[in-house]
Participant: 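For reference, the structure I am asking about is given below.
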Amino acid sequence: MNVKQRQPKGFGKRLREAIADRGMTITEFSRRTGIVRNNIYGYIYYDSVPTIAKALRIAIVLNVSLDWLIAGVGSSEDVLYGG
């Protein structure tokens, strides 16, 4: 099964949705976070889990809460920082 046929779930699904909602490509998101594309594809499609440091970078770039990103608690509208 190739990556386009896999259906993200959990963390990967939320990550994919947040990236798309912000109009970013995986390549642009990779550049902004400093996380290589293959890792991002792993998070989205292969149930890989980022380190805490990478999860925090992801949350900052997407401006979402870690609670929502990691556990699905709350909504994607819950921002990491108030500003």
Side-chain angles (χ1 to χ4, degrees):
M1 182 179 290
N2 71 37
V3 75
K4 299 225 186 265
Q5 295 172 321
R6 295 184 64 89
Q7 292 300 312
K9 55 188 176 188
F11 172 81
K13 182 177 182 182
R14 288 186 294 278
L15 177 58
R16 182 181 74 171
E17 289 172 359
I19 292 169
D21 287 350
R22 281 136 187 92
M24 282 188 258
T25 64
I26 298 293
T27 301
E28 180 181 1
F29 180 70
S30 171
R31 183 183 51 76
R32 287 187 183 192
T33 59
I35 301 169
V36 297
R37 280 182 358 166
N38 284 347
N39 285 0
I40 295 167
Y41 279 111
Y43 304 149
I44 294 173
Y45 295 106
Y46 294 100
D47 298 327
S48 295
V49 179
T51 63
I52 293 171
K54 286 181 182 176
L56 182 58
R57 270 192 277 161
I58 289 168
I60 289 169
V61 168
L62 295 174
N63 198 29
V64 297
S65 76
L66 279 172
D67 288 342
W68 176 79
L69 184 64
I70 299 297
V73 175
S75 102
S76 63
E77 302 298 314
D78 297 336
V79 296
L80 184 63
Y81 299 110

Participant: Can you name the residues that form a side chain to side chain donor-acceptor pair (under 3.5 Å) with E17, not counting sequence neighbours?
Facilitator: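 So E17 forms no side chain to side chain donor-acceptor pair (under 3.5 Å) with any residue.
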
Participant: Under 4.5 Å between side-chain heavy atoms, hopping through other hydrophobics if needed: is there a path connecting I44 to Y46?
Facilitator: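 In one cluster: yes.
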
Participant: Please report the interatomic distance CG(L56) to CD1(I70), rounded to the nearest 0.5 Å.
Facilitator: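 Output value for this atom pair is 10.0 Å.
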
Participant: Given side chains that start at C-beta, do those of M24 and V61 come closer than 4.5 Å, heavy atoms only?
Facilitator: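 They are in contact (side-chain heavy atoms under 4.5 Å apart), so the answer is yes.
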
Participant: For I35, check side chain to side chain contact (heavy atoms under 4.5 Å, CB included) against everything at least two apart and list the hits.
Facilitator: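 For I35, the residues satisfying side chain to side chain contact (heavy atoms under 4.5 Å, CB included) (neighbours in sequence not counted) are T33, N39, I40, Y43, K54, R57, I58.
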
Participant: Nearest 0.5 Å, please: how far is CZ in R32 from OG1 in T27?
Facilitator: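 The distance works out to 12.5 Å.
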
Participant: If I take atom CZ from residue R22 and atom CD from residue E28, how far apart are they, to the nearest 0.5 angstrom?
Facilitator: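 Nearest 0.5 Å value for the CZ-CD distance: 12.5 Å.
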
Participant: What are the two closest non-hydrogen atoms of R16 and Y45, and how far apart are they?
Facilitator: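 Scanning both residues, the minimum pair turns out to be CD-OH, 4.1 Å.
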
Participant: Is there a chain of hydrophobic side chains (I, L, V, M, F, W, Y, each step under 4.5 Å between heavy atoms) that links I60 to F11?
Facilitator: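 Yes, it is one cluster - the side chains of I60 and F11 are joined through contacts under 4.5 Å.
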
Participant: Which pair of heavy atoms, one from R14 and one from L69, lies closest together, and at what distance?
Facilitator: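 Looking at all heavy atoms of both residues, the closest pair is NE-O, 3.1 Å.
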
Participant: Minimum heavy-atom separation for S30 to R37, with atom names?
Facilitator: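 That would be OG-N, 3.4 Å.
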
Participant: Quick check: closest heavy atoms across L66 and A55, and the distance to 0.1 Å?
Facilitator: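 Heavy atoms only, the tightest pair is CD2-O, 3.6 Å.
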
Participant: Which value, rounded to the nearest 0.5 Å, describes the distance between Y41 atom OH and S48 atom OG?
Facilitator: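 One finds 14.0 Å between OH of Y41 and OG of S48.
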
Participant: R31: which residues meet the salt bridge (charged side-chain N to carboxylate O under 4.0 Å, His left out) condition with it, sequence neighbours left out?
Facilitator: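 For R31, no residue satisfies salt bridge (charged side-chain N to carboxylate O under 4.0 Å, His left out) once neighbours in sequence are set aside.
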
Participant: List for me each residue that meets side chain to side chain donor-acceptor pair (under 3.5 Å) alongside T51, sequence neighbours excluded, and say none if there are none.
Facilitator: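 With sequence neighbours excluded, T51 shows a side chain to side chain donor-acceptor pair (under 3.5 Å) to no residue whatsoever.
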
Participant: Considering non-hydrogen atoms only, spot the tightest contact between A18 and L62 and give its length.
Facilitator: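 So the minimum-distance heavy-atom pair works out to CB-CD1, 3.7 Å.
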
